[in-house]
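Worksheet: one structure, shown below.
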Amino acid sequence: MAKLLIFALSSLSAVVHCLTHYDVYYKWKRIEYELPDNIRLNSSEYVPENNIVSVIKIYENRMWITTPRYFRGVPVTLNVIPYNHRYHWWHPFLLLHNDSPKLKPFPSYDMNKMGDCNALQLVSALDVDHYGRLWVVDVGRVNVLEPYKMSGSALNLCPAKLLVFDVTGGRSDLIFTYTFPDNVAPNTTTILKEMQVACSTEDDCWAFIPDFALNRLVVYDHKHRESWTAQHPSMAPDPNKVVFLVNGMSSPFEF
């Protein structure tokens, strides 16, 4: 009986420890967007199950969230919502916190227009430097996973690009855009994913971006406004492990 009591108290302590160290800040059963009043999406423009949260970055009192256009029916690819670091678990019960807010297109709905190469097509990576700049990687290609659904093909709409926004003090100002040359990020095959930005000064910055499709690293030098690639056999997947089972079916992991 004593052992059972000790076990129960230990389990309770573990639960309390989790509850006191982890809070659910946001949760969604379905991703929805805060769109302009004149926008009405049809069933092909918005397919709920194809809208997923991928990358999250936080700076000051805002949270940026990517909803990549891996499949059709994703109207917006980069979003922003409020963030309050003084959140407490009881806020939702007191209606002090909406834990399933609609995502607001960043920096605007028009800047997420598919087919407009000045706008964002498929945002795949984010980072915020210590100067308060949001770095955004746009692959330029959309529907890149549609072939796996056997329902279509990727649309290679625009070249890949890197955008930098000033997000200090609530700003959302686009301050720089760099378009990757095709020999660095081919717009028919590249899948840029994740990014690390390192800065020694405001201008001496480098962005390191893996290209998952071509098994190499894209390097961008912000001071000289140029980019190149680095490649090594260790960056490639193990050829003996590229085939895996999904629901009992084998699938090669390639784009």
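No hydrogens, no waters, no symmetry mates; every other heavy atom, side chains included, goes into these values.
With a 6.0 Å radius and a threshold of 12 heavy atoms from other residues, nucleotides or ligands, Lys113 has its NZ atom at or below the threshold. Other residues, nucleotides and ligands place no more than 12 heavy atoms under 6.0 Å from the CD atom of Gln196. Around atom CG of Asp37, no more than 12 heavy atoms belonging to other residues, nucleotides or ligands sit under 6.0 Å away.
Without hydrogens or angle criteria, Asn42 side chain to Ser44 main chain gives a donor-acceptor distance under 3.5 Å. A side-chain donor-acceptor contact under 3.5 Å links Asp182 to the backbone of Asn187. Between the side chain of Arg141 and the main chain of Ile191, no donor-acceptor pair closer than 3.5 Å is present. Panel note: side chain Thr177, backbone Leu163; no donor-acceptor pair is recorded below 3.5 Å. With Asp221 contributing its side chain and Glu226 its backbone, the two residues share no donor-acceptor pair below 3.5 Å. Within the 3.5 Å criterion, the main-chain N or O of Gly115 finds a donor-acceptor partner in the side chain of Gln121. Between the side chain of Glu60 and the backbone N or O of Thr168 there is no donor-acceptor pair closer than 3.5 Å. In this structure, the side chain of Arg171 does not engage the main chain of Phe165 through any donor-acceptor pair within 3.5 Å.
Between Tyr83 and Tyr25, the ring center distance clears the sub-6.0 Å criterion. With ring centers used as reference points, Tyr26 lies under 6.0 Å from Trp28.
Each of Val76, Leu134, Asn79 was evaluated against Phe106; a single residue qualifies, Leu134, per the side chain to side chain contact (heavy atoms under 4.5 Å, CB included) test. Only one option out of Val218, Leu126, Leu162, Asp127 pairs with Val137 in a side chain to side chain contact (heavy atoms under 4.5 Å, CB included); it is Leu162.
Under the 4.5 Å side-chain contact rule for hydrophobic residues, Met195 and Val128 do not share a cluster. Cluster membership for Leu145 and Leu122, using ILVMFWY side-chain heavy atoms within less than 4.5 angstrom, is shared.
Comment: Lys223 does not engage Asp203 in a salt bridge, judged by the lack of any side-chain N to carboxylate O separation of less than 4.0 angstrom.
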Next on the checklist: Checking Asp211 against Thr229 for the side chain to side chain contact (heavy atoms under 4.5 Å, CB included) test, could you report, in this order, the C-alpha distance in whole Å, the side-chain angles of both residues, the deciding distance, and whether it holds?
Outcome noted: CA-CA 9 Å; Asp211 188 333; Thr229 63; over 6 Å; no
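Between Ile58 and Trp64, the closest heavy-atom pair is C-CZ3, 4.5 Å.
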